[in-house]
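Working notes, beginning with the structure itself.
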There are 2 protein chains.
Amino acid sequence: MNRAIQEQFEARARVLKALAHPTRLFIVEELSKGERCVHELTDQIGADMSTVSKHLSVLKGVGIVRDEKRGSQVFYSLRMGCVLDFFDCVEAVIRGGDDATCKPRKRKVQRL
Amino acid sequence: MNRAIQEQFEARARVLKALAHPTRLFIVEELSKGERCVHELTDQIGADMSTVSKHLSVLKGVGIVRDEKRGSQVFYSLRMGCVLDFFDCVEAVIRGGDDATCKPRKRKVQRL
DNA sequence: TGGCTATTTGGTAAAATGGCCAAGGGTATG
DNA sequence: CATACCCTTGGCCATTTTACCAAATAGCCA
């Protein structure tokens, strides 16, 4: 496998890896409803705030979320809403249905 | 976070985690062109066959691929082609473009 | 300034992951 | 039957990931 191709798959894997954690998936879903500060997310998740902060930094690292500091709080929002489209397919995989059970949700392309 | 919800995000994470590896992404892309036996994939990947076999077993474990033994060979094929849809969005994330740069590919829902 | 809230960063221990080698079980072939 | 091939599994080690605590940083307000 040639080097450039290899690098491309590694880049893809980095993005998927960033999503491949229950807490981070929860964060993505939550942010799809609107921006949230670290404190709010921490309350819902019930882990240490430092843990949540690190999860957010992983998502930010690959460009899935964006942060904005306002006052003493940092608000996170979804930058790539397209990742939400994964969920229908993922659910279909979980159900073990065939490919046809994966109906893409109607997505309005929205600037977040 | 309630227990059932928690479990749902864990299930989703298991599927994404199965995809979150360069070699496994390569396998998925390769299988999208048609079934392949372990030997063929091993040649292309250039790793030990046992390593490739384990990657295939991870993909099979979550239901993304299917295996079929014929003679002394085992042929793997893509069971959930919908995962291919992820790639456009993932590429958009890599490019760092905004959401709109993620154009869903025209996908024909095909029974594999 | 001092104290309080909000968040990130560093350290560390436990668990999970990934890769290779070796061994084992089928299957074809001579 | 013996041998060669195809594939999977188990063992082992190195690396990565994750979570918590503690400490550091930054903004707010009295």
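Since the model is a prediction, treat every value here as computed from it, not as a measurement. The sequence lines fix the lettering, A, B, ..., with proteins before strands; numbering per chain opens at 1.
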Starting at atom [atom1] of [X], determine the distance to atom [atom2] of [N], rounded to an integer number of angstrom.
| X | N | atom1 | atom2 | answer |
| --- | --- | --- | --- | --- |
| B:H21 | C:dT17 | NE2 | P | 11 Å |
| A:E35 | C:dA6 | CD | P | 16 Å |
| A:E68 | C:dA6 | CD | C1' | 16 Å |

| Donor-acceptor pair, side chain of B:S53 and main chain of B:M49, under 3.5 angstrom | no
| query | Is a donor on one side and an acceptor on the other found under 3.5 Å between the side chain of A:R79 and the backbone of A:G63? | reply | yes
| With no hydrogens and no angle check, do the side chains of A:Q6 and A:E10 hold a donor and an acceptor under 3.5 Å apart? | yes
| message | Let's test your reading of the model: under 3.5 Å, does the base of C:dG18 pair with the side chain of A:K17 as donor and acceptor? | response | no
| request: Please evaluate the base of D:dC21 for a donor-acceptor partner in the side chain of A:S50 within a cut-off of under 3.5 Å? | output: yes
| query | Looking at side-chain heavy atoms only, is the closest gap between A:V90 and B:F86 below 4.5 Å? | reply | yes
| Side chain proximity check, A:V62 to A:L19, heavy atoms < 4.5 angstrom | no
Is there any protein nitrogen or oxygen under 3.5 Å from a nitrogen or oxygen in nucleotides 26-30 of chain C, and what are the pairs?
none

| request: Please tell me which of the listed nucleotides, D:dC6, C:dT7, D:dT8, lies nearest to the side chain of B:H39? | output: D:dC6
| Of all pairs that satisfy ring-ring contact (aromatic ring centres under 6.0 Å, His included), the ones with a partner from residues 32-66 of chain B, not counting sequence neighbours | B:H21-B:H55
